[in-house]
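All remarks here apply to the structure that follows.
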Amino acid sequence: MSTQSTPEPGIPEPGNGPRRRGKGRRRKPRSTGRKALLATAWTAAGVVVLAGAGAGYVYVKLNGNIHSIDINQMLGRDRPAKADNGSQNILVLGSDTRDGANRKIGGGAADSGARSDTAMIVHLYKGHKKASVVSIPRDTLIDRPACADTKGRTYPAAKNVMFNSAYATGGAPCAVRTVESLSGIRMDHYLEVDFAGFQRLVDDLGGVRVTTTRPIQDPDSHLNLGAGTHTLDGAQALGLVRTRHGVGDGSDLGRIQLQQAFVKALIAQTKQVGVLSNPKKLYDLADTATRTVTTDSDLGSVNSLADFAGGLKGISASGMHMVTMPVRYDPADPNRVLLERTKARQIWTALKEDRPVPDSATAGSATGGAKGVVTAGE
């Protein structure tokens with residue numbers, strides 16, 4: 001679709017597609033298989049800039065770690081126009097394929113498919129001193145546009161499907177196409193991270209310090225934290241950002257609130273770790289970061305990723321405004337949510353115009369009930 005013909009972000013209307021009637025309380029989440037953060041591509045990119053002095057073998061090694069996808073070529077010109085106000089938009093996804101190291105962490109049978117249970121639009125304001133982050137709930141019912149995967153296979157449009165089915169259907173290109181159709185905003189960059197890499201990154205950092213205001217116990221994500229301050233290792237951090245029924249109402253919305261709080265703590269931790277005086281720690285972090293991320297082709301080298309990350313280092317955790325795309329619980333199915341169309345439009349308009357997201361855009365939306373349970377450790 002051309003910029004002029006980009007349709008209004010769509011959600012299913014009553015009668016469009018089959019609906020299942022919910023029966024009682026929200027179902028218990030799946031045990032371990034389809035739950036992952038993983039919004040740490042932001043931090044991974046920030047770490048890579050510290051390796052800018054690397055040369056020779058180290059440079060070649062790190063450069064070879066990065067996997068990139070030519071999103072621009074795959075999507076062509078049928079996209080929203082690029083912003084001309086100095087801002088940038090980055091789609092950050094977390095994937096949880098059941099293959100390799102992820103299978104050991106996530107459990108379940110190995111398969112060739114991958115899922116994305118976390119999606120964030122990171123909007124960098126002009127000057128790159130502040131950012132807004134909009135989390136998109138995976139359980140949101142949407143109308144997915146027709147799209148193609150990295151091998152050129154095409155998939156027809158689908159109505160009344162979960163948001164995260166876009167990535168499961170066609171991978172990164174389909175996910176970007178869906179987000180651009182939903183928001184009407186062009187994604188300038190794409191970053192993806194898997195949860196095995198997330199766990200290693202937290203361990204390489206020496207853990208992340210957080211404070212929990214109440215106990216969090218979730219046997220499914222192997223998490224058992226009392227109220228208080230903790231330095232989480234990689235396994236504990238992964239458990240925290242995967243838990244659904246450990247806090248809040250048991251929905252994905254509560255998990256998003258935990259993820260947002262943890263991302264802020266992770267960014268704060270990255271800025272505090274004295275890696276420049278420790279060459280081994282510096283290399284380990286850069287090696288893990290470059291292995292962890294999949295990028296769009298414009299960021300597909302150490303130099304490009306380092307330049308990009310250099311533009312982010314002025315943004316502190318306090319300079320990030322984190323919100324969730326406004327939704328309401330689906331009265332026909334308590335395990336799904338529906339987009340609040342008018343409120344969402346306020347967010348997309350604000351980002352297009354490089355303005356702060358107004359409070360009215362999220363007021364009264366479903367939240368998940370986990371806000372304030374986790375904060376950056378003191």
| query | Yes or no on side chain to side chain contact (heavy atoms under 4.5 Å, CB included) for L93 and M120, after CA distance, side-chain angles and deciding distance? | reply | CA-CA 7 Å; L93 291 186; M120 294 181 175; over 6 Å; no
| said: Walk me through whether I185 and V179 qualify under side chain to side chain contact (heavy atoms under 4.5 Å, CB included). | reply: CA-CA 8 Å; I185 298 172; V179 170; over 6 Å; no
| query | Would Q257 and L253 satisfy side chain to side chain contact (heavy atoms under 4.5 Å, CB included), going step by step from the backbone distance to the final call? | reply | CA-CA 7 Å; Q257 291 179 314; L253 299 177; over 6 Å; no
| field | Trace of the side-chain hydrogen bond (donor to acceptor under 3.5 Å, both in side chains) decision for N65 with D287 | value | CA-CA 8 Å; N65 286 346; D287 186 46; 2.7 Å; yes
| task | Could you give me the CA-CA distance, side-chain angles and deciding distance for T295 and Y190, then say whether side chain to side chain contact (heavy atoms under 4.5 Å, CB included) is met? | result | CA-CA 5 Å; T295 73; Y190 173 82; over 6 Å; no
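The main-chain N or O of I69 is never found under 3.5 Å from a side-chain atom of D296 such that the two would form a donor-acceptor pair. Side chain of D149 to main chain of G171: no donor-acceptor pair is present (N/O by atom type, distance under 3.5 Å, no hydrogens or angles). For the pair K264 (side chain) and M320 (backbone), a donor-acceptor distance under 3.5 Å is present. Although no hydrogens or angles enter the test, the distance criterion places no donor-acceptor pair under 3.5 Å between the side chain of N89 and the main chain of L351. Under the 3.5 Å distance criterion, the side-chain polar atoms of T212 are matched with a main-chain donor or acceptor of G226. Looking at S304, its side chain never comes within 3.5 Å of a backbone N or O of G300 through a donor-acceptor pair. The backbone N or O of C174 lies less than 3.5 Å from no partner atom in the side chain of R144, so there is not a single donor-acceptor pair. Looking at K130, its side chain never comes within 3.5 Å of a backbone N or O of L124 through a donor-acceptor pair. A donor-acceptor distance shorter than 3.5 angstrom exists from the side chain of T288 to the backbone of D284, with no hydrogens or angles considered. Checking side-chain atoms of T243 against main-chain N and O of G239 turns up no donor-acceptor pair under 3.5 Å.
Side-chain contact between T375 and V210 is absent, with no heavy-atom pair separated by less than 4.5 Å. With a 4.5 Å cut-off on side-chain heavy atoms, V293 and E192 do not count as touching. Side-chain contact between L141 and F163 is absent, with no heavy atoms from C-beta onward closer than 4.5 Å. Within the 4.5 Å cutoff, no side-chain heavy atoms of V337 are placed close to those of D330. Taking the side chain as every heavy atom from C-beta outward, H230 and Q236 never approach each other to under 4.5 Å. For the pair T231/V208, no side-chain contact is recorded, criterion being any heavy-atom separation below 4.5 Å from C-beta on. The closest side-chain heavy-atom distance from R177 to R79 is below 4.5 Å. When side chains are defined from C-beta on, V323 counts as touching H321, because their heavy atoms get closer than 4.5 Å.
Atom-to-atom distance recorded for N164:CG and D139:CG is 7.0 Å, nearest 0.5 angstrom. Atom CD1 of I121 is separated from atom CD of E180 by 9.5 Å, given to the nearest 0.5 angstrom. In this structure, the separation between CG on L232 and CG on L205 is 12.0 Å, given to the nearest 0.5 Å. Rounding to the nearest 0.5 Å gives a distance of 13.0 Å between CD of Q217 and CZ of R214. The structure places CD1 of I66 at 10.0 Å from OG1 of T294, a figure rounded to the nearest 0.5 Å.
Donor-acceptor pairing under 3.5 Å is lacking for the side chains of T178 and S181. Side chain to side chain, T229 and T211 meet the donor-acceptor criterion of an N or O pair below 3.5 Å. For the 3.5 Å distance criterion, the side chains of Y125 and S132 qualify, holding a donor opposite an acceptor. There is a side-chain donor-acceptor pair under 3.5 Å between H123 and D354. A donor-acceptor contact closer than 3.5 angstrom is absent between the side chains of S135 and Q259. Judged by distance alone, the side chains of Q88 and D188 never bring a donor and an acceptor atom under 3.5 Å apart.
Of all heavy-atom pairs spanning W348 and L182, the tightest one is NE1-O, 3.6 Å. Smallest separation of non-hydrogen atoms from A344 and L339: CB-CD1, 3.6 Å. Summarising the geometry of P358 relative to Q346, their closest heavy-atom pair is CG-OE1, 3.7 Å, with the distance given to 0.1 Å. Closest non-hydrogen pair, A370 versus V247, comes out as CB-CG2, 3.8 Å. Contact detail for N72 and R186: the closest heavy-atom pair is OD1-NH2, 3.8 Å. Taking all atoms of both residues into account, the shortest heavy-atom contact from G234 to D203 is N-OD1, 2.7 Å.
A salt bridge does not link R244 with D249: every distance from a Lys NZ or Arg NE/NH1/NH2 to an Asp or Glu carboxylate oxygen is 4.0 Å or more. Note on R255 versus D252: salt bridge recorded, some NZ/NE/NH1/NH2 to OD/OE distance being below 4.0 Å. Salt bridge annotation for R200-D204: absent, with no cationic side-chain nitrogen under 4.0 angstrom from a carboxylate oxygen.
The environment of R355 atom CZ is dense: over 12 non-hydrogen atoms of other residues, nucleotides or ligands sit within 6.0 angstrom. Open room surrounds CG on D359; 12 or fewer heavy atoms of other groups in view lie less than 6.0 Å from it. The number of heavy-atom neighbours closer than 6.0 Å to CD of E353, taken from other residues, nucleotides and ligands shown, is above 12.
Taken together through direct or relayed side-chain contacts under 4.5 Å among Ile, Leu, Val, Met, Phe, Trp and Tyr, Y155 and Y167 form parts of separate hydrophobic clusters.
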